[in-house]
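All ligand and atom numbering here is 1-based and tracks the order in the structure. Numbers here are sequence positions counted from 1.
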Amino acid sequence: MIEQNVKQILSELPEGVYLVAAAKGRDPQEVLRAVQAGVRIVGENYVQEAEKAYAVVGGKAEWHFIGHLQQNKVKRAVAIFDVIETVDSLATAAEIDHHCRQIGKMMPVFIEVNSGREKQKSGVLPEDVEPLLAEILRLPNIKVTGVMTMGPRCRHPEELRPYFRETRRVFDRLKGLCWPNVEMAYLSMGMTDSYLIAVAEGANMVRIGSKVFGERTQIDTQG
Ligand SMILES: *Cc1c(COP(=O)(O)O)cnc(C)c1O
């Protein structure tokens with residue numbers, strides 16, 4: 001039951017930890033129910049799906065993009081989303097900046113870290129985050145406000161702990177930089193099976209799908 005799930009998760013999350021309800025594969029009515037039960041941030045992996053949910057839920061929630069953003073979807077994405085959590089290249093950042101400038105929007109973005117150092121995975125390697133940030137901060141319509149990671153697919157969530165820990169180290173280092181346009185505030189990591197470990201390792205934003213909406217039939221954690 002979505003309502004009960006939301007209430008339980010919200011009551012158990014420590015103060016200062018934000019819940020992002022990861023809504024991929026859910027219909028707009030389910031997203032609306034989650035929001036009416038207290039979810040304040042909805043995470044979407046696909047622009048088209050987000051547009052459908054947005055048409056129903058609209059400004060009752062904050063919208064975070066958490067999937068892989070294709071260049072040709074950026075224009076539509078910046079129209080809806082309040083935060084883009086998965087920036088991992090200068091090209092994507094420049095495209096976001098370009099479209100935001102046209103509509104007079106300042107977009108908060110997170111840098112996605114490939115903490116598992118997996119070849120096929122999106123995100124930047126931990127040591128490449130700072131150089132990317134140095135380039136992004138020249139883009140006037142983007143503000144970097146956080147770091148996000150998925151971590152590798154693991155058999156046991158406990159195996160994710162070192163990847164969360166490394167991402168936290170990246171986050172802390174960036175926080176210490178005091179660069180313009182960088183206001184490091186959010187560390188987004190942890191999903192249904194791993195969010196308690198992520199919170200223990202310093203996450204202040206968790207992205208939870210199954211535990212909010214029920215199990216997905218389709219296996220898809222990458223977006
Ligand atoms: C699906 C998804 C989640 C949530 O996964 P659950 O295991 O259903 O909680 C979190 N983050 C991203 C990027 C996702 O694609």
Side-chain angles (χ1 to χ4, degrees), residues 1-2 4-10 12-13 17-28 30-31 33-35 37-50 52-53 61-70 73 77 80-89 92 108-116 118 120-124 146-161 163-164 167-168 171 186-201 203-223:
M1 183 76 171
I2 292 173
Q4 279 164 346
N5 295 345
V6 168
K7 294 212 161 74
Q8 189 186 339
I9 295 166
L10 288 176
E12 287 172 2
L13 280 179
V17 178
Y18 293 86
L19 169 65
V20 176
K24 64 174 170 282
R26 316 298 175 169
D27 63 52
E30 291 176 289
V31 179
R33 279 170 57 196
V35 169
V39 161
R40 296 177 54 188
I41 308 172
V42 176
E44 293 279 2
N45 292 61
Y46 307 104
V47 174
Q48 199 169 340
E49 205 170 84
K52 290 194 184 121
E62 188 177 304
W63 296 82
H64 284 208
F65 187 78
I66 61 173
H68 179 68
L69 188 54
Q70 293 167 285
K73 298 280 171 62
I80 292 183
F81 289 100
D82 300 294
V83 176
I84 295 176
E85 293 202 16
T86 48
V87 169
D88 66 355
S89 74
T92 302
V109 304
F110 300 173
I111 307 287
E112 180 176 0
V113 181
N114 180 358
S115 57
E118 295 170 288
Q120 318 294 348
K121 209 73 168 257
S122 49
V124 283
V147 169
M148 177 273 203
T149 201
M150 294 278 292
R153 204 179 286 256
C154 289
R155 241 166 300 140
H156 193 277
E158 185 60 39
E159 294 167 27
L160 281 163
R161 192 181 290 275
Y163 305 102
F164 290 155
T167 307
R168 200 249 171 98
F171 175 71
Y186 302 105
L187 178 56
S188 171
M189 50 189 200
M191 320 201 305
T192 292
D193 291 337
S194 59
Y195 76 94
L196 293 174
I197 294 165
V199 168
E201 294 300 331
N204 58 12
M205 193 169 274
V206 293
R207 308 177 309 269
I208 303 181
S210 321
K211 197 171 172 173
V212 168
F213 296 104
E215 288 298 327
R216 274 189 307 280
T217 41
Q218 191 189 348
I219 307 296
D220 179 3
T221 55
Q222 288 310 298

Asker: Give the numbers and elements of all ligand 1 atoms closer than 4.0 Å to a heavy atom of Lys24.
Answerer: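 The list of qualifying atoms is 1 (C), 2 (C), 3 (C), 14 (C), 15 (O).
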
Asker: So if I count the atoms of ligand 1 from 1 in the order they appear, which ones are less than 4.0 Å from some heavy atom of Ser210?
Answerer: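 In order of numbering, the contacting atoms are 6 (P), 7 (O), 8 (O), 9 (O).
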
Asker: For ligand 1, which atoms sit closer than 4.0 Å to a heavy atom of Ile208?
Answerer: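 Matching atoms, with element in brackets: 9 (O).
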
Asker: Between ligand 1 and Lys211, is the shortest N or O to N or O distance under 3.5 Å?
Answerer: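 No; the residue has no nitrogen or oxygen that sits under 3.5 Å from a nitrogen or oxygen of the ligand.
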
Asker: Identify, with sequence neighbours excluded, every residue that meets side-chain hydrogen bond (donor to acceptor under 3.5 Å, both in side chains) alongside Glu44.
Answerer: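 So Glu44 forms no side-chain hydrogen bond (donor to acceptor under 3.5 Å, both in side chains) with any residue.
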
Asker: Excluding sequence neighbours, so at least two apart, what forms side-chain hydrogen bond (donor to acceptor under 3.5 Å, both in side chains) with Thr192?
Answerer: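 Thr192 satisfies side-chain hydrogen bond (donor to acceptor under 3.5 Å, both in side chains) with no other residue.
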
Asker: For Arg168 and Leu187, which heavy atoms make the closest approach, and how far apart are they?
Answerer: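 Heavy-atom minimum between the residues: CG-CD2, 3.6 Å.
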
Asker: Which of the numbered atoms in ligand 1 are under 4.0 angstrom from any heavy atom belonging to Met150?
Answerer: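 Going through ligand 1 atom by atom, the ones under 4.0 Å from Met150 are 12 (C), 13 (C).
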
Asker: Consider only side-chain N and O atoms of His68 and Gln70, and report whether a donor and an acceptor are under 3.5 Å apart.
Answerer: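 Note: His68 and Gln70 side chains miss the donor-acceptor criterion.
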
Asker: Let's go through Arg161 and Glu158 carefully: what are the C-alpha distance in whole Å and the side-chain angles of both, what is the deciding distance for salt bridge (charged side-chain N to carboxylate O under 4.0 Å, His left out) to 0.1 Å, and is it a yes or a no?
Answerer: CA-CA 6 Å; Arg161 192 181 290 275; Glu158 185 60 39; 2.6 Å; yes

Asker: Less than 3.5 Å apart, any donor N or O on the side chain of Gln8 or Glu12 sitting next to an acceptor on the other?
Answerer: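 Result is yes, a qualifying pair exists.
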
Asker: Does Arg207 reach ligand 1 with a nitrogen or oxygen that is under 3.5 Å from one of the ligand's nitrogen or oxygen atoms?
Answerer: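 Checking ligand 1 against Arg207, an N or O pair does fall under 3.5 Å apart.
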
Asker: Check ligand 1 against Asn45 and write out every atom of the ligand that is under 4.0 Å from a heavy-atom position of the residue.
Answerer: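 Those atoms are 14 (C), 15 (O).
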
Asker: Atoms of ligand 1 less than 4.0 Å from Ala22 heavy atoms?
Answerer: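 So the answer, numbered in order with elements, is 3 (C), 4 (C).
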
